[in-house]
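The shown structure was predicted, so the numbers you read here are calculated from the model rather than taken from an experiment. Every chain is numbered from 1 and lettered A, B, ... according to where its sequence line falls, protein lines coming before strand lines.
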Amino acid sequence: MAQVTLFGSYQDLAGWRTRAVPGGSLGAIRQAVAAENAALGEQLGHPCTLVIVNERLVGRGDGADAHPLAENDDVAFGPPVSGG
Amino acid sequence: MAQVTLFGSYQDLAGWRTRAVPGGSLGAIRQAVAAENAALGEQLGHPCTLVIVNERLVGRGDGADAHPLAENDDVAFGPPVSGG
Amino acid sequence: MIRLADAAIDPGALLAEFCAGRTDAGAVVSFTGLTRGRTDGAAVTRLTLDAYPGFTEAVMAEIEAEARARFAVEDVLAVHRWGSLDIGEPIIFVAAAAEHRRAAFEAVDYLMDQFKTRAPFWKREDGPDGARWIEARPDDHQAIERWATAQ
Amino acid sequence: MIRLADAAIDPGALLAEFCAGRTDAGAVVSFTGLTRGRTDGAAVTRLTLDAYPGFTEAVMAEIEAEARARFAVEDVLAVHRWGSLDIGEPIIFVAAAAEHRRAAFEAVDYLMDQFKTRAPFWKREDGPDGARWIEARPDDHQAIERWATAQ
């Protein structure tokens with residue numbers, strides 16, 4: 001199972017920061033999250049959402065759904081950023 | 001007599017920094033200096049030269065010649081500046 | 001050089017360190033971002049920055065490399081704070097050293113525009129009216145467009 | 001605030017002092033000018049700045065007032081060194097604080113362009129090939145023209 005971490009407002013929406021979620025692709029992970037929390041599931045699919053696997057950006061929102069996941073991959077979802 | 005101070009390269013050209021020079025106007029001062037050092041006199045008349053009386057800019061080069069001077073006025077001539 | 005700091009950063013000490021021993025760079029420009037007690041009219045009592053160590057530095061390092069390639073700078077430093085900040089505390093310190101000042105100004109300006117819209121930080125402001133998550137402002141998105149056409 | 005300094009200036013301490021206690025300004029931009037060991041290919045071993053105390057501050061204060069009127073800044077500081085400087089020593093420190101970064105960048109940029117061409121300092125560089133007096137560079141005169149049309 002992938003370890004999934006949420007950043008920023010997604011954490012508040014979910015009520016958790018990190019948990020193990022089953023799924024062999026990013027799309028499967030998104031669907032598992034959406035089944036439990038539709039609002040969060042929709043946010044994770046938004047074209048502005050950063051999708052990060054093992055500390056590398058792999059795409060945005062549901063555009064990254066096809067990305068396959070290995071056992072123990074670190075997956076992170078982040079809303080639009082604001083540094084500085 | 002006015003106290004005349006030279007800045008920057010004008011000092012090197014003159015070989016002095018401050019001296020008393022007789023003259024009732026800036027033009028008269030310039031002529032007194034030019035009589036002794038033609039190259040310096042020409043520089044002081046250059047349109048880029050700052051002409052400062054009692055810490056206030058009164059003009060540039062020979063454009064300030066008409067400016068009258070009182071006994072003990074402080075007169076300064078400076079070449080083009082470069083701060084910062 | 002990019003650093004992520006989980007404790008207070010000291011802009012004075014960072015500038016002193018960055019200037020020390022430079023005999024070729026005539027110009028050092030710095031930017032310091034401070035936590036404001038008010039944004040868009042709303043009072044703020046605390047700012048919390050979330051980051052993703054590893055990923056966050058990697059994106060910042062990419063932006064740093066762009067700036068070094070684009071401007072005639074000798075050196076660049078960016079230190080970004082994360083965690084929980086009091087009002088008035090520094091959030092970010094960015095500095096660039098260059099032979100002439102134009103390149104140093106432009107590099108710091110570029111770095112800040114890019115960090116504001118691309119650096120992976122998530123900001124929450126807490127105030128008497130509750131908490132709110134902050135995204136890059138519309139003028140930050142406009143600012144970044146300047147670099148698409150310039151030089 | 002304008003200061004003329006006849007002894008070493010410390011950019012780190014000046015930036016720390018300038019940032020301290022600010023809760024309204026989100027942005028502080030600083031410029032530090034350092035004595036370079038080489039200009040236009042010629043080695044420099046020492047820089048001497050002449051100034052005219054009283055007159056020099058008055059012109060700098062005029063430029064400061066222009067910057068305050070022109071940009072949405074909360075505060076401005078400019079400290080200019082004069083006397084005899086070693087290579088690597090700071091010549092000038094300029095800082096501006098503003099609510100948003102654009103005004104702070106522009107104010108410091110403006111101040112430096114104006115100081116380079118208008119602030120009454122006379123600079124002599126000493127090196128192995130002798131001494132030479134320095135005037136504002138052609139690109140300094142070009143730089144100042146930017147402000148005639150901009151905003």
Nearest non-hydrogen partners of [X] and [Y], listed with the distance:
{"X": "D:Leu15", "Y": "C:Ser30", "result": "CD2-OG, 4.1 Å"}
{"X": "C:Phe31", "Y": "D:Ala27", "result": "CE1-CB, 3.6 Å"}
{"X": "C:Cys19", "Y": "D:Leu34", "result": "O-CD1, 4.1 Å"}

**Prompt:** Who in residues 37-63 of chain C is close to chain D, using a strict under-4.5 Å heavy-atom cut-off?
**Reply:**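 The list, in residue order, reads C:Gly37.
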Looking at [options], which has the largest count of heavy-atom pairs under 4.5 Å with chain D?
{"options": "C:Ile87, C:Val28, C:Asp10", "result": "C:Val28"}
{"options": "C:Ala20, C:Gly21, C:Ala25, C:Ala13", "result": "C:Ala25"}
{"options": "C:Asp113, C:Asp24, C:Ile91", "result": "C:Asp113"}

**Prompt:** Can you tell which of D:Pro90, D:Gly88, D:Ala16 has the highest number of heavy-atom pairs within less than 4.5 Å of chain C?
**Reply:**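 Result: the option with the highest number of such pairs is D:Gly88.
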**Item:** Contact leader toward chain C among D:Thr35, D:Val94, D:Ile92, D:Val29, where contacts are heavy-atom pairs under 4.5 Å
**Value:** D:Val29
**Message:** With a 4.5 Å cut-off on side-chain heavy atoms, are D:Arg101 and C:Lys116 touching?
**Reply:** yes
**Asked** Are any of the side-chain heavy atoms of D:Phe105 and C:Val108 separated by less than 4.5 Å?
**Response**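 Sidechains of C:Val108 and D:Phe105: in contact.
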**Asked** For the salt bridge (charged side-chain N to carboxylate O under 4.0 Å, His left out) test, which of D:Asp109, D:Asp139, D:Asp140 pairs with C:Arg102?
**Response** D:Asp109
**Asked** Non-hydrogen atoms of chain D under 4.5 Å away: do they reach the side chain of C:Ala143, the backbone, both or neither?
**Response** side chain
**Request:** Check each atom of D:Glu99 against the heavy atoms of chain C and say whether the ones under 4.5 Å are side chain, backbone, both or neither.
**Result:** both
**Between OG1 on residue C:Thr23 and CG on residue D:Asp86, distance to nearest 0.5 Å** = 11.5 Å
